[in-house]
Amino acid sequence: MEHKVLAFAGSPRRGGNSEKLLDSALAGVAAAAPGAAVTKIVLNELKFAPCQNCGFCSATGYCQFAGDDMKGIYEALDASDRFVIASPIYFASVSAQLKTMIDRCQAIWARKYLLKRPHANPDRKALFLCCGGFKHDRFYKCARQVIAAWCVVLDIKLSGELFFHSIDARGDIEKHPTALADALSAGRELMK
Ligand SMILES: Cc1cc2nc3c(=O)[nH]c(=O)nc-3n(C[C@H](O)[C@H](O)[C@H](O)COP(=O)(O)O)c2cc1C
């Protein structure tokens with residue numbers, strides 16, 4: 001069966017550094033698996049609220065507020081088996097757009113850990129792409145932990161990750177000697 005790939009652009013800056021990484025990785029995905037169905041979600045263009053910790057999902061496994069744009073995301077998260085997540089570092093973590101989506105996955109946490117219904121597909125893999133303006137990778141460790149925790153909850157193996165520091169102004173990523181080629185290779189690798 002062909003893979004279903006779900007890609008998240010976490011930055012509000014369209015065509016920015018992390019989205020360029022994402023698009024390169026998706027070119028790698030398409031090269032390695034031309035038949036794969038790819039859905040790219042630009043989180044900043046959707047409307048969904050932060051988790052309210054209302055407790056509804058603890059009893060049901062579903063979010064009572066999923067009438068917002070999380071509805072389509074929940075469906076895509078469930079149906080997909082390959083994931084590419086791209087985010088800039090914002091204050092030592094992932095962007096708020098991405099973190100808000102991740103927090104809404106509390107419903108999936110409840111389904112797995114309270115209602116004992118983990119995801120049925122054992123072959124789910126993710127690639128995390130990230131960049132930050134500072135000249136070190138200290139902040140990446142925090143962002144990576146957020147993504148790693150999300151992957152555990154969703155029964156996804158975090159099989160690839162790339163981080164580029166000193167990437168700040170729009171277009172900086174294109175001046176990096178290897179970043180876009182690295183993302184392309186990582187996208188190919190994800191589909192192996
Ligand atoms: C609100 C905000 C917070 C930021 N915080 C950090 C940070 O903590 N560490 C860092 O290395 N870069 C930080 N940056 C810089 C961005 O990560 C950097 O500009 C990145 O290349 C933006 O990627 P994008 O073009 O995909 O949006 C921050 C930028 C913004 C706008």
Pairs satisfying salt bridge (charged side-chain N to carboxylate O under 4.0 Å, His left out), at least one member in residues 123-134, at least two apart: R82-D123
Same cluster or not: [X] versus [Y], using hydrophobic residues (I, L, V, M, F, W, Y) connected whenever any side-chain heavy atoms lie under 4.5 Å apart?
X: L21; Y: L26; answer: yes
X: M70; Y: F65; answer: no
X: V5; Y: L43; answer: no
X: L22; Y: V146; answer: no
X: Y90; Y: F8; answer: no

Using a 3.5 Å distance criterion without hydrogens, assess whether the side chain of [X] forms a donor-acceptor pair with backbone atoms of [Y].
X: S24; Y: L184; answer: no
X: K20; Y: L180; answer: no
X: S185; Y: A181; answer: yes
X: N17; Y: G171; answer: yes

Between E19 and R13 (salt bridge meaning N to carboxylate O under 4.0 Å), is one present in this structure? no
[X] to [Y] - nearest heavy-atom pair and separation:
X: A179; Y: I173; result: CB-CD1, 3.7 Å
X: A186; Y: L162; result: CB-CD1, 4.0 Å
X: A120; Y: P122; result: O-CD, 3.3 Å
X: A79; Y: K4; result: O-CD, 3.6 Å
X: C105; Y: L154; result: CB-CD1, 4.1 Å
X: A143; Y: S93; result: CB-C, 4.0 Å

Salt bridge (Lys or Arg N to Asp or Glu O under 4.0 Å) involving [X] - partner list, sequence neighbours excluded:
X: D103; value: K99
X: R170; value: none
X: D23; value: K40

Spacing of [atom1] belonging to [X] relative to [atom2] belonging to [Y], to within rounding of 0.5 Å:
X: L77; Y: T39; atom1: CG; atom2: OG1; value: 10.5 Å
X: I89; Y: C142; atom1: CD1; atom2: SG; value: 7.5 Å
X: L158; Y: C151; atom1: CG; atom2: SG; value: 4.5 Å
X: L129; Y: S18; atom1: CG; atom2: OG; value: 8.5 Å
X: D137; Y: C130; atom1: CG; atom2: SG; value: 10.5 Å
X: I108; Y: D78; atom1: CD1; atom2: CG; value: 7.5 Å

side-chain contact (heavy atoms from CB on, under 4.5 Å) between L127 and F83, worked out: CA-CA 6 Å; L127 166 64; F83 303 86; over 6 Å; no
Verify side-chain contact (heavy atoms from CB on, under 4.5 Å) between V29 and R188, making sure each step is shown before the conclusion. CA-CA 5 Å; V29 164; R188 279 181 181 273; over 6 Å; no
Sequence neighbours left out, what pairs pass side-chain hydrogen bond (donor to acceptor under 3.5 Å, both in side chains) with at least one residue falling in residues 53-72? D68-R104, K71-E75
According to side-chain hydrogen bond (donor to acceptor under 3.5 Å, both in side chains), does anything in residues 105-116 pair up with another residue at least two apart or in another chain? List the pairs. K112-D155
Sequence neighbours left out, what passes side chain to side chain donor-acceptor pair (under 3.5 Å) with [X]? Give chain and number order.
X: E189; value: K192
X: N121; value: none
X: D168; value: none
X: Q145; value: none

Evaluate the side-chain proximity of S87 to F128: yes if any heavy-atom separation is below 4.5 Å, no if none is.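 Of all side-chain heavy-atom pairs linking S87 with F128, at least one is under 4.5 Å.
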Heavy-atom side-chain contact between S95 and S11 under 4.5 Å: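 Sidechains of S11 and S95: no contact.
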Give me the ring orientation class for H136 and F139: parallel if the planes are under 30° apart, tilted from 30 to 60°, perpendicular past 60°. tilted
Please, which pairs that meet ring pair (Phe, Tyr, Trp, His ring centres under 6.0 Å) have at least one residue in residues 155-192, sequence neighbours excluded?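 Those involving residues 155-192 are Y140-F163, F164-H176.
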CA sep, side-chain torsions, deciding dist, call: I147, L98, side-chain contact (heavy atoms from CB on, under 4.5 Å): CA-CA 10 Å; I147 297 301; L98 181 56; 4.0 Å; yes
Partner set under ring pair (Phe, Tyr, Trp, His ring centres under 6.0 Å) for Y74, not counting sequence neighbours: none
W150 and I85: side-chain contact (heavy atoms from CB on, under 4.5 Å), yes or no, with the steps? CA-CA 11 Å; W150 178 77; I85 306 108; 3.7 Å; yes
